Amino acid sequence: MDVTEFLKTRASAPWRELGEPGPDDMEIRDFLEAAVAGPDHGAVRPWRFIVVRGDAREAMGELFTRALLKRKPDADEATIEKDRDRLRRVPLMIAVAARINPNHPKVPPSEQIVSAGLAAQAILLAAQAKGYGGVLLTGDHAYDAEVKTGLGLRADDEIVAFIYIGTAEGEQRPKKRPDPAKYTREWTGPA
Ligand SMILES: Cc1cc2nc3c(=O)[nH]c(=O)nc-3n(C[C@H](O)[C@H](O)[C@H](O)COP(=O)(O)O)c2cc1C
């Protein structure tokens, strides 16, 4: 398929429809090579990728549960189970964070976060190109100090994505997308 046509087909897979098999080491390496090929002003290299798979997913589920209960001691069982269920079903999770240099002379923090976001998009696209389904989630865990520490990140790192990747059940359904013209205009000079 033409690359532009492929890009237009990008879509998230619901995590409940993702399962085994997950990508192997070579495929994960490919996803990450695609990620670090993204635009990166000043070669800051702000991205940090944390790969969670295999038995580590259970521990990740426990970390999420601990963090959730600290934030919401009265969280119900269904909410607790949702995180654990996702990590049990989906073979691979890649957390993407931006390690921001707040004092960079030319590249403000917002640009460093954009770089990490673009890296996350590249991972999603690379996974889809290899036939996997994926979805990018954040939620309160992305802003949780305990989760950051548990992942080996710093308190001031910005988690931009938890990307879940696996084999999607059934056919990928094409999604109706908005007409970009609605959000676009051609500039012909100052107003
Ligand atoms: C930074 C970021 C964080 C997101 N976090 C969540 C999330 O926590 N939960 C969720 O349901 N969707 C989240 N989404 C949206 C999904 O990734 C996805 O785009 C959405 O479900 C629509 O599906 P589509 O990608 O196929 O259009 C997030 C998207 C972005 C860009």
Side-chain angles (χ1 to χ4, degrees), residues 1 3-19 22-23 31 34-35 38-40 46-50 52 57 60-61 63-65 67-68 71-72 75-76 78-100 108-148 150-151 153 156-184:
M1 188 192 293
V3 176
T4 307
E5 289 309 308
F6 169 74
L7 291 174
K8 292 198 284 187
T9 69
R10 193 215 63 84
S12 306
W15 62 262
R16 284 192 176 81
E17 295 178 14
L18 294 175
F31 302 166
D40 172 24
W47 353 267
R48 296 295 181 274
F49 308 105
I50 298 143
V52 181
R57 291 174 301 157
M60 190 71 227
L63 173 61
F64 276 171
T65 301
L68 171 66
R71 290 195 307 269
K72 285 190 188 157
D76 60 30
T79 310
I80 295 169
E81 262 313 299
K82 197 170 165 192
D83 285 331
R84 290 177 168 260
D85 185 24
R86 191 185 308 110
L87 282 154
R88 284 185 188 128
R89 278 171 197 260
V90 188
L92 172 66
M93 190 271 268
I94 303 178
V96 182
R99 174 149 302 163
I100 294 159
S110 58
E111 294 191 8
Q112 300 176 48
I113 292 171
V114 168
S115 275
L118 292 166
Q121 169 77 334
I123 293 172
L124 281 173
L125 287 166
Q128 185 172 318
K130 294 248 189 250
Y132 294 101
V135 61
L136 186 165
L137 305 175
T138 47
D140 293 342
H141 291 315
Y143 311 100
D144 189 292
E146 179 146 357
V147 170
K148 289 185 189 180
L151 284 169
L153 293 167
D156 58 351
D157 289 337
E158 294 281 353
I159 294 176
V160 301
F162 297 113
I163 303 177
Y164 290 84
I165 298 171
T167 298
E169 279 169 17
E171 282 287 294
Q172 273 262 20
R173 293 172 294 275
K175 280 198 178 167
K176 184 156 171 44
R177 296 302 186 183
D179 180 350
K182 202 174 156 194
Y183 309 98
T184 313

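In each ligand, atom 1 is the first atom listed, and ligand 1 is the first ligand listed. The figures that follow rest on heavy atoms only: side chains count, while hydrogens, waters and symmetry mates do not. Nothing here was measured: the structure is a model prediction, and the numbers come from that model.
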* Counting N and O atoms only, with roles assigned by atom type, does the side chain of K130 sit under 3.5 Å from a partner on the main chain of P23, one being a donor and the other an acceptor? -> no
* To do: Taking the side chain as every heavy atom from C-beta outward, state whether L125 and L7 have any pair of such atoms under 4.5 Å apart.
  => yes
* Ion pair check, E158 and R48, cut-off under 4.0 Å -> no
* To do: Check whether NZ of the Lys or CZ of the Arg R84 lies under 6.0 Å from the centre of the six-membered ring of F64 and within 45 degrees of that ring's axis.
  => no
* **Basic-acidic side-chain contact under 4.0 Å: R88, D85** => no
* Tell me, which residues have any heavy atom less than 4.0 Å from some atom of ligand 1? -> R10, A11, S12, L136, L137, T138, G139, V160, K175, R177
* Could you please spell out the steps behind the salt bridge (charged side-chain N to carboxylate O under 4.0 Å, His left out) verdict for D179 and K182? => CA-CA 6 Å; D179 180 350; K182 202 174 156 194; over 6 Å; no
